[in-house]
Amino acid sequence: MTSRADVPAVKAALRSQAVETPSWAYGNSGTRFKVFAQPGVPRTPREKLDDAARVHEHTGAAPSVALHIPWDRVDDYAALAAYAAGLGLRLGAINSNVFQDDDYRLGSVCHPDARVRRKALDHLLECVDIMDATGSRDLKLWFSDGTNYPGQDDVRARQDRLAEALAAVYERLGEGQRMLLEYKFFEPAFYTTDVPDWGTAYAHCLKLGERAQVVVDTGHHAPGTNIEFIVALLLREGRLGGFDFNSRFYADDDLMVGAADPFQLFRIMYEVVRGGGLDGGVAFMLDQCHNIEPKIPAIIRSVMNVQEATAKALLVDREALSAAQEAGDVLAANAVLMDAYDTDVRPLLAELREEAGLDPDPVAAYHRSGWARKITDERVGGTQAGWGA
């Protein structure tokens with residue numbers, strides 16, 4: 001461990017960090033080619049919360065669960081929030097879905113047909129109603145809207161339609177509620193995407209107001225993109241609303257966070273620490289759809305990966321780094337970062353968990369708990385949750 005590290009301060013910062021898990025990560029998922037079913041997968045939103053409670057039980061760092069509408073639609077959202085509270089959880093971001101209906105073939109809020117745009121907007125407003133019932137702070141918006149061919153639609157007109165819909169939703173937000181706008185540089189649209197990058201998302205948020213913030217999905221960037229620069233800039237502007245943490249190797253995303261490039265995750269978390277992003281304003285959410293690996297232990301691993309990257313970022317000797325930067329000592333500055341990154345923080349996190357009364361090895365504790373066998377035996381019949389369910 002770096003000699004200048006204030007270990008009590010590092011521990012205090014780690015204790016305050018919370019990682020939100022996504023309800024859909026507990027269901028069946030896969031790629032555009034195939035969804036692989038697994039035994040014991042939840043069939044209802046409540047069973048998803050049961051699984052999420054196991055993640056929080058073993059990590060102590062995952063107290064909230066994001067919902068996806070209509071995948072998690074229920075008759076009584078207040079009752080669902082109460083059920084979550086009984087498990088020691090709370091309901092987090094409400095994620096809208098305007099990409100799976102046949103009407104959205106040419107887009108949702110950017111569609112050339114006013115009827116389809118109205119349908120999409122009504123769904124977004126419904127999501128705000130759900131936020132009111134659940135006590136959720138954040139509405140997370142991702143649009144698959146775009147075009148596949150030059151001339152297919154008016155690119156500028158689509159931006160006007162997008163701005164109009166966002167303004168209507170922003171106006172509907174209640175006190176203390178935020179709108180988080182996500183971007184993705186391509187897919188499923190392959191010629192133009194209506195929210196393709198952080199700049200487009202930021203421009204729309206800037207016009208709306210302070211409660212419109214940008215979400216950085218770590219898997220939604222072209223190869224070689226300096227994501228930590230984007231994070232630093234958005235933090236500097238006060239517009240980083242949160243993360244969707246995952247990984248990608250090629251064109252798709254949704255692998256476990258840190259799987260593709262743990263050094264990148266460390267660099268991102270350093271900019272979060274440097275920019276004051278651990279103060280509660282930034283939502284640390286997972287957005288991973290497990291394909292072939294068991295779901296609950298994979299989510300536990302992702303939570304642990306975020307914790308490890310954060311711990312390393314907190315160990316950076318900021319004084320030594322600043323001195324090297326001011327002196328123009330390139331190698332010394334880089335060495336300071338590498339010293340922190342090369343530190344094995346697993347003993348520190350194990351100690352932190354033991355101090356909280358948790359098992360130092362969350363994955364091993366989960367496997368010993370027997371939960372996997374229990375849900376495999378009991379969740380028989382019904383319809384498993386998954387994409388579109």
Checklist entry - Any side-chain heavy atom of Leu91 sitting closer than 4.5 Å to one from Leu80? => result yes

Item to check | Flag side-chain contact, heavy atom, 4.5 Å: His367 against Pro297 | outcome: yes

Next on the checklist: Do the side chains of Asp344 and Arg346 get close enough for a salt bridge, i.e. N-O under 4.0 angstrom?
Outcome noted: yes

Checklist entry - Within the side chain of Glu171, is there an N or O that forms a donor-acceptor pair under 3.5 Å with the backbone of Ala167? => result no

Checklist entry - At their closest point, which heavy atom of Leu89 faces which heavy atom of Ala53, and how far apart are they? => result CD1-N, 3.7 Å

Checklist entry - Considering residues at least two apart in sequence or located in another chain, which fulfil the salt bridge (Lys or Arg N to Asp or Glu O under 4.0 Å) criterion with Arg158? => result Asp153, Asp194

Next on the checklist: With a 3.5 Å distance limit and no angle check, can you tell me whether Thr200 reaches the backbone of Pro196 through a side-chain donor-acceptor pair?
Outcome noted: no

Item to check | Heavy-atom side-chain contact between Leu181 and Gln213 under 4.5 Å | outcome: no

Next on the checklist: Within the 4.5 Å heavy-atom criterion, are Glu293 and Met256 side-chain neighbours or not?
Outcome noted: yes

Item to check | Any side-chain donor near an acceptor of the partner, Asn305 and Ser302, under 3.5 Å | outcome: no

Next on the checklist: Suppose clustering is done on Ile, Leu, Val, Met, Phe, Trp and Tyr with side-chain heavy atoms closer than 4.5 Å. Which residues sit in the same group as Phe186?
Outcome noted: Phe185, Phe190

Next on the checklist: Any non-hydrogen side-chain atom of His221 less than 4.5 Å from a side-chain atom of Val216?
Outcome noted: yes

Next on the checklist: Quick check on the 6.0 Å ring-centre criterion: do Trp142 and Tyr183 meet it?
Outcome noted: no

Checklist entry - Under 3.5 Å, is there a donor-acceptor pair between the side chain of Thr59 and the main chain of Ala61? => result yes

Checklist entry - Out of curiosity, Lys295 NZ to Lys48 NZ, how far, rounded to the nearest 0.5 Å? => result 11.0 Å

Next on the checklist: For the aromatic rings, using the six-membered ring if either is Trp, is the centroid distance between Phe266 and Tyr341 under 6.0 Å?
Outcome noted: yes

Next on the checklist: Under the criterion salt bridge (Lys or Arg N to Asp or Glu O under 4.0 Å), I'd like the reasoning laid out for Arg353 against Asp361: C-alpha separation, chi angles, the key distance, then a yes or no.
Outcome noted: CA-CA 8 Å; Arg353 294 182 188 111; Asp361 186 341; over 6 Å; no

Item to check | Arg211 to Tyr170, cation-pi by 6.0 Å centre distance and 45° axis angle | outcome: yes

Item to check | Short side-chain donor-acceptor distance under 3.5 Å, His111 and Asp145 | outcome: no

Item to check | Contacts of Lys312 that satisfy salt bridge (Lys or Arg N to Asp or Glu O under 4.0 Å) - sequence neighbours left out | outcome: none

Next on the checklist: Side-chain heavy atoms nearer than 4.5 Å, only ILVMFWY residues, links allowed to pass through others: does that put Leu255 and Phe36 together?
Outcome noted: no

Next on the checklist: Enumerate the side-chain hydrogen bond (donor to acceptor under 3.5 Å, both in side chains) contacts for residues 11-24, please, sequence neighbours excluded, ordered by first and then second residue.
Outcome noted: Lys11-Glu351, Lys11-Glu355, Arg15-Glu355, Gln17-Thr310, Glu20-Ser64, Thr21-Tyr26, Ser23-Asp72, Trp24-Asp287

Next on the checklist: So Val282 and Phe284, do their side chains get closer than 4.5 Å, heavy atoms only?
Outcome noted: yes

Next on the checklist: Please determine whether residues Tyr191 and Tyr104 belong to a single hydrophobic cluster, defined as Ile, Leu, Val, Met, Phe, Trp and Tyr linked transitively by side-chain heavy-atom distances below 4.5 Å.
Outcome noted: no

Next on the checklist: Angle between ring planes, Trp198 versus Tyr202, binned at 30° and 60°: parallel, tilted or perpendicular?
Outcome noted: tilted

Checklist entry - Looking at residues at least two apart in the chain, or sitting in another chain, which of them share a side-chain hydrogen bond (donor to acceptor under 3.5 Å, both in side chains) with Trp371? => result Asp51

Next on the checklist: Between Asp132 and Arg172, is the salt bridge (Lys or Arg N to Asp or Glu O under 4.0 Å) condition met? List the steps.
Outcome noted: CA-CA 11 Å; Asp132 293 340; Arg172 169 63 184 82; 2.6 Å; yes

Checklist entry - Transitively linked via ILVMFWY side-chain contacts under 4.5 Å: Val41 with Ile375? => result no

Next on the checklist: Please enumerate all residues that pass salt bridge (Lys or Arg N to Asp or Glu O under 4.0 Å) together with Asp101, with sequence neighbours excluded.
Outcome noted: Lys119

Checklist entry - Glu326: what forms a side-chain hydrogen bond (donor to acceptor under 3.5 Å, both in side chains) with it, not counting sequence neighbours? => result Ser322

Item to check | Residue list, side-chain hydrogen bond (donor to acceptor under 3.5 Å, both in side chains) with Glu271, at least two apart or on another chain | outcome: none

Item to check | Leu208 reachable from Val169 in the ILVMFWY side-chain graph, under 4.5 Å edges | outcome: yes

Checklist entry - Considering residues at least two apart in sequence or located in another chain, which fulfil the salt bridge (Lys or Arg N to Asp or Glu O under 4.0 Å) criterion with Glu378? => result Lys374

Next on the checklist: Once rounded to the nearest 0.5 Å, what's the spacing between atom CZ of Arg137 and atom CZ of Arg90?
Outcome noted: 8.5 Å

Checklist outcome for this item: The remaining residues in the hydrophobic cluster of Val215, counting side-chain heavy-atom contacts under 4.5 Å among Ile, Leu, Val, Met, Phe, Trp and Tyr, are Leu180, Met285

Checklist entry - CG/Leu348 to CG/Leu315 distance, rounded to the nearest 0.5 angstrom? => result 6.5 Å

Next on the checklist: Closer than 4.0 angstrom, basic N to acidic O: yes or no for Arg161 and Glu164?
Outcome noted: no

Item to check | Trace of the side chain to side chain donor-acceptor pair (under 3.5 Å) decision for His123 with Asn97 | outcome: CA-CA 8 Å; His123 172 70; Asn97 184 323; over 6 Å; no

Checklist entry - Would Tyr366 end up clustered with Leu358 when hydrophobic side chains under 4.5 Å apart are linked, directly or stepwise? => result no

Item to check | side-chain hydrogen bond (donor to acceptor under 3.5 Å, both in side chains) pairs, two or more places apart, involving residues 222-231 | outcome: Glu228-Arg267

Checklist entry - Would you find more than 12 non-hydrogen atoms of other residues, nucleotides or ligands less than 6.0 Å from Arg46 atom CZ? => result yes

Next on the checklist: To the closest 0.5 Å, what do you measure between CG (Leu121) and OG (Ser108)?
Outcome noted: 10.0 Å

Checklist outcome for this item: Separation between OG (Ser136) and CG (Leu67), nearest 0.5 Å, reads 6.5 Å

Next on the checklist: With salt bridge (Lys or Arg N to Asp or Glu O under 4.0 Å) as the criterion, how do Asp197 and Lys184 come out once you've worked through the C-alpha distance, each side chain's angles and the decisive distance to 0.1 Å?
Outcome noted: CA-CA 6 Å; Asp197 52 39; Lys184 188 174 185 179; over 6 Å; no

Checklist entry - Say you draw a straight line from CG of Leu106 to CD of Gln152; how long is it, rounded to the nearest 0.5 Å? => result 6.0 Å

Checklist entry - Hey, does Phe143 have a side-chain heavy atom less than 4.5 Å from the side chain of Phe99? => result no

Next on the checklist: For the backbone of Leu173 and the side chain of Gln177, can you confirm whether one donor and one acceptor N or O come within less than 3.5 Å of each other?
Outcome noted: no

Next on the checklist: Salt bridge or not between Arg368 and Asp359? Use side-chain N to carboxylate O under 4.0 Å.
Outcome noted: yes

Checklist outcome for this item: Smallest heavy-atom separation, Val273 atom then Ala313 atom, equals CG2-CB, 3.9 Å

Item to check | Gln288 and Arg301 side chains, donor-acceptor separation under 3.5 Å | outcome: no

Checklist entry - Between Arg117 and Asp113, is there a salt bridge with N-O shorter than 4.0 Å? => result no

Next on the checklist: Working note: Val214 + Leu240, criterion side chain to side chain contact (heavy atoms under 4.5 Å, CB included); need CA distance, chi angles, decisive distance, verdict.
Outcome noted: CA-CA 5 Å; Val214 179; Leu240 180 63; 5.6 Å; no

Next on the checklist: Test: side-chain hydrogen bond (donor to acceptor under 3.5 Å, both in side chains). Region: residues 73-84. Which pairs qualify, not counting sequence neighbours?
Outcome noted: Asp50-Tyr83, Arg73-Glu126

